[in-house]
Amino acid sequence: MSRQKVVVTGLGVVVPHGDDIDEVYQRIIRGENECARITKFDPSGFLCQIGSEVKYEVDAPATVGPYPIANNEALKYVVGAADRAIKYANLSAAEGDDQDRRAIVLSTGVGPANIDFLGPIALRLHGDESDPYKSDMASFYKEAPDEPEAQGLDEFHLDTAAPACAVLLGAAHVNNTASACASGSHAVADGAALIARGEADVVLAGGVCTPVTRVLVPGFAMLQALSTRNDDPAHASRPFDAGRDGFVMGEGAAVLILESEEHAKARGATILAELAGWGYSCDAYRLTDPQPEGVGMALCMTRALESAGITAEDVDHVNAHGTSTPYNDRAETLAIKKALGDHAYKTPVSSNKSMFGHLIHAAGALEGCLSVKTILEGVIPPTINYDEADPLCDLDYVPNEGRPAQVDVILKNSFGFGGMNVSVVYRRYEG
Amino acid sequence: MSRAFIVGAGAVTWGGLGLEPIAAAIAGDGKAFATEEPVPGAPVTVGRVGSIKDPASQATYRRWGQVDTYSRYGYVAARLALEQAGLAGDVERAGYGVFLGTAYGCMEENQRFDKYRVEDGVLRGASPLVFKGTVDNAPAGWIAVAWGLKGPNATFVSGDGAGAESLWAGLRQIAAGRAPGLLCGGVERFVDLHLVLREREPRWQGAVLSEGAGVVLVEDEESMTARGATPLAEVLGVVRHRGSLVEGLRAVAGRLRIDLADVGLISLAVPDQARLDEEREAFGATARGGSDGSALSGVAIVADKTALGESHGAWGGLALCAALVRLEDGRWGGRPVAVVQVKGEGNENFYVALRGPGNAE
């Protein structure tokens, strides 16, 4: 069976820079930073005190179908982003058998459940901040026998976000991926694969993450993954710069509406870009460190190019994973050179994370949205805070200022804990 | 479209490691479920695996001591599947992948971290090694690292359907030529709070919460043949369908071109005997009333959760292991095909169709 061409027809975000993708992109190409001292909890005394937070009131419904949204920050973000993307694509919820041709593919690992959610729920049940997980479960029954939150374990599932988005889109199928920092792009690639194989006409794909918590921040800091430039948070995220010392934890949600070209054209949709190819690989090296020579990273980039049917010379821009950790940026630079050969030195490489930090499960999708905007608007986002070149990172990182350019093909990289690597190729749509 | 076969299977259940405890549980002579009292005076029946010390796994990986309990379940099941498949020794495994599912993921490690006190900017008493277990894809990552599996690697967190989704997605990787084979299945580890809340959920009354892992090694025919591996069953496909059981089976038959008269075993996703009886009654009435359904008369309808418990995201993998246990002489109930139903999200179910090895066409 021939492969269906996959196109992008909608974008939606709820991220630190805002909830309108067009405005967010404008702020990004101006190099505006959103990394600052954490406000969601008191970070005094923490090794890392920097985060990139959503500081505005998110416009999202209190409930979606049977799913309560209001009490869950991550759900608010992703439902808000999904709502915006669906409207951007000028779609409405499908009904009846049409739902079978629609799917949701989301990455929600550190989102609706887990650390960010289990703790607060337990706290509400027990009401004792000093010991949210009382080992004496008797108190649970005595103190809160009718606690409404306790009735709905859906809130505890990792996967509540996808069914909620499925209600908005009218989708029969939901898929949830969790590939740590690679998840956002993983969801986008898996969503594209569904369409390419002819198993869906419309897919809402992306991710959500709310990791700026009092546990995850010191946890990642313990791994020496976070910047500790606490006295200068605006300059803490500095991918590829010689002075980089770790990433900044960010939060938010981003989704893309993917469609088969045939479906999009039939309904007269505005096609924003083509999602031309994707590739996966696994380092199988260490759980939390990339393979230092970038072998696995290069492999997934090469596979993505092959999947798109293009060569290295066709790539106009690399939207890097670019976390700002010493290890990642060095390995990614090596990998880009392996995958693109000499063309790597002619290719602008930039890291959007320099401005909003690392949104973990949402990162790849947000950077995918910005890649689509880059193709449409013709300005490559800068890597800000780039002051001093690292001899081991010797590519063109678009330092500090956005760069006008004709961009037809973007290679988007995402790499994660577990050694998971995903690359996605976005291409200008030629009707 | 390449054909795919299960060439290895491994399981971790509260009854022990491997498929033998599953066989014993199904036969009714395995370990009994345990009773715990997370709340004094309110006993709860569970199938708990608990901490797991497996010298055989420890011998295969020098960092075994860093692996958290949730990940150990998946790791041990994967080891058993790799060994049975002949891929555990000094052989080329680099192209193989790992796709696992889970509903609740790494809650235990996350909860553990949530208990730590932040003092002077650090989590007092916490270890960086333990923090590695706070990502849901930790089992798939550990397995890949330990065994050098550099093919596609993914973790699915789609609730109860996650284990089956891993197989659904894994087959597509094989079909696309992205991997000669993948470990597919599910892993689950519950926490006390989870247990208490689950018992309060009316729709789950009667289900016995269990934990563990079920993993199968699925491989394309060419690779399997080249390696000289022995097929345990052919995976005819995975179909996602909303609707009744009979409608689902008809969808399976239509999409995978299966003659319903060849189906000898239907493994249902219902968690207790009462619901199994209801399904059988409804199924029987439908089967008697329709020409398509009547072909299914006499088929064995089982619900292995009644013996193994409700293990949520792990169930997709464990259900396949249980189906393999029920496979004798290449046939299920005298017929070559088994259909394993796994509950998915919303009204959707996954249906995995298997054909016994003696019946490959």
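Note on naming: letters A, B, ... go to the chains in the order of the sequence lines (proteins, then strands), and numbering restarts at 1 for each one.
Chosen from A:H186, A:R303, A:R286, A:H173, the residue pairing most often with chain B at heavy-atom distances under 4.5 Å is A:H173. Looking only at heavy-atom pairs under 4.5 Å with chain B, the residue among A:A180, A:G416, A:G279, A:C300 that has the most is A:A180. Listed options B:R63, B:E165, B:Q173, B:R172 were ranked by heavy-atom pairs under 4.5 angstrom with chain A; first place goes to B:R172. Put simply, of A:G418, A:A284, A:G296, A:A172, the one with the most heavy-atom pairs under 4.5 Å next to chain B is A:A284. With respect to chain B, the highest number of heavy-atom pairs below 4.5 Å among A:L287, A:N421, A:L299 belongs to A:L287.
Contact of B:A154 with chain A is made through backbone and side chain together, with heavy-atom distances under 4.5 Å. Heavy atoms closer than 4.5 Å to chain A are found nowhere in B:W147, neither backbone nor side chain. Neither the backbone nor the side chain of B:E37 comes within contact range of chain A, judged by heavy atoms closer than 4.5 Å.
Between the side chain of B:N137 and the main chain of A:F417, a donor-acceptor pair closer than 3.5 Å is present. Under the 3.5 Å distance criterion, the side-chain polar atoms of B:S158 are matched with a main-chain donor or acceptor of A:N176.
Here the OG1-CD distance, from A:T288 to B:Q66, works out to 8.5 Å after rounding to the nearest 0.5 Å. Distance check: B:F156 CZ to A:S179 OG gives 7.5 Å after rounding to the nearest 0.5 Å.
Other residues, nucleotides and ligands contribute over 12 non-hydrogen atoms within 6.0 Å of the CD atom of B:E36.
In this structure, the salt bridge (Lys or Arg N to Asp or Glu O under 4.0 Å) partners of A:R101, at least two apart in sequence or on a different chain, are A:D201.
Residues A:G96 and B:R242 share a closest heavy-atom pair of O-NH2, 3.9 Å.
Counting only heavy atoms from C-beta outward, the side chains of A:T177 and B:V157 never approach each other to under 4.5 Å. Between B:R240 and A:N175 the shortest side-chain heavy-atom distance falls below 4.5 Å. The shortest distance between side-chain heavy atoms of B:K150 and A:D283 does not fall below 4.5 Å.
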